Amino acid sequence: MNEILGMASIVVGLAFELFGCLGLVRLPDVYNRLQAATKCVTLGTCGIMFGVFLTFGPTAAGLKALLCIFFVVLTAPVSAHAIARAAHRSGVRLCPGSVVDRYEEDMAARGGDSGSAG
Amino acid sequence: MRFARGGGRGAPGVSAGGGMKSRLILFVLGLAVWAVLTWPPTARACLFGPPASLLAALLAGEMFVRRPYALKDPMRYAYFALYLPLFVWECVKGNIHVARLICHPDLPINPGIVKVRTRLKSETGLAFLDCSITLTPGTMTVDTDPDGGFIYVHWIDVKAVDVDGATRRIVDIFERILVRIFE
């Protein structure tokens, strides 16, 4: 029973990984691509890890998989955040179809010193 | 710009004893993670675990917990237990939404960076909110302005351009609970 559930979880995880990669290819700019790359892939990886945990149970491999989920969830958003912020600060524009960029507006209002820290 | 730094900000109640307590908590947590990582306990693992945790605690322990007294409140843990399933549900729901957008032949996205307001003040609370927003698909935190209480969020499918509307759609659902956990 656990093995079947584990397999199902791994399949769902793989599907989300696939969507993430598709998004990476299809979406227009760095921010949209980051969205696909961090989230679909995070959920996909978590799904695969959880499937491993269900299959192996609370053994050495299963517990390591759970720990991996914890650390992936902890680190993936931070790295996405860092890349997005760095991209915006180094002047990467949003794709032409974008509707609004409040960050740009506020940066300009503060004197446009977006390149320098401090 | 002073965005997303706030190193010396806040942190009331930090005393000489606070740093020690924080180190101790990190040491115990480090040991726990080590135990899970090397699960069937072997002599070698038991030999290297404690010194490694001690080193981590000495190097980084000071900045780990800024308000040790907040850890004693059981209600915070209860709300955290409530928060986890909500977060997982939102995450799955949003992932399906984004997967649908990606697979749609016309790619019907409507991206932009909106500004939202937050009531959270503590660094941990803000970090949790940022990461929750980022992990909920469709939205991704670009920068935080802790002094003004604003977060800049990249939204793949913008539904509200104004601050209030965006706040209601992105932040409120998490913030209601996070306020009780981290403030």
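Here is the naming used below: chain letters follow the sequence lines, and residue numbers restart at 1 for every chain. This is a predicted model, so every value here is computed, not measured.
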Residues from residues 35-42 of chain A approaching chain B under 4.5 Å (heavy atoms): A:Gln35, A:Ala36, A:Lys39, A:Cys40, A:Thr42

Over 12 non-hydrogen atoms of neighbours within 6.0 angstrom of CZ in B:Arg180: no

Selection from B:Ala127, B:Gly112, B:Pro111 maximising heavy-atom pairs under 4.5 Å formed with chain A: B:Pro111

Residues which pass salt bridge (charged side-chain N to carboxylate O under 4.0 Å, His left out) with A:Arg102, listed by chain and number, not counting sequence neighbours: A:Glu105

Portion of A:Leu94 that has a non-hydrogen atom of chain B nearer than 4.5 angstrom: side chain

Flag side-chain contact, heavy atom, 4.5 Å: A:Val78 against B:Cys131: yes

Heavy-atom pair count under 4.5 Å with chain A, highest-scoring of B:Val153, B:Asn110, B:Ile133: B:Asn110

Top contributor to chain B contacts, counting heavy-atom pairs under 4.5 Å, from A:Leu63, A:Ile83, A:Leu34, A:Asn32: A:Asn32

Distance, nearest 0.5 Å, that separates CG of B:Asp143 from CZ of A:Arg89: 6.0 Å

Neighbours of chain A found in residues 43-54 of chain B - heavy atoms under 4.5 Å: none

When B:Ile156, B:Thr141, B:Leu135, B:Val92 are compared by non-hydrogen pairs under 4.5 Å with chain A, the top option: B:Leu135

Inter-residue atom distance A:Asp29.CG - B:Ile109.CD1, 0.5 Å rounding: 7.0 Å

B:Leu26-B:Leu31 co-clustered via ILVMFWY side chain contacts under 4.5 Å: no

More than 12 heavy atoms from other groups under 6.0 Å of CZ on A:Phe56: no

Crowding at CZ, B:Phe174 (>12 non-hydrogen neighbours, <6.0 Å): yes

Nearest-0.5 Å distance, CG of residue B:Leu101 to CZ of residue A:Phe19: 11.5 Å

Contacts of residues 64-75 of chain A with chain B (heavy atom under 4.5 Å): A:Lys64, A:Leu67, A:Phe71, A:Val73

Portion of A:Tyr31 that has a non-hydrogen atom of chain B nearer than 4.5 angstrom: both

Among A:Leu43, A:Leu18, A:Thr59, residue most engaged with chain B (heavy-atom pairs, under 4.5 Å): A:Leu43

Top contributor to chain A interface from B:Thr38, B:Thr136, B:Val33, B:Val161 [non-hydrogen pairs under 4.5 Å]: B:Val161

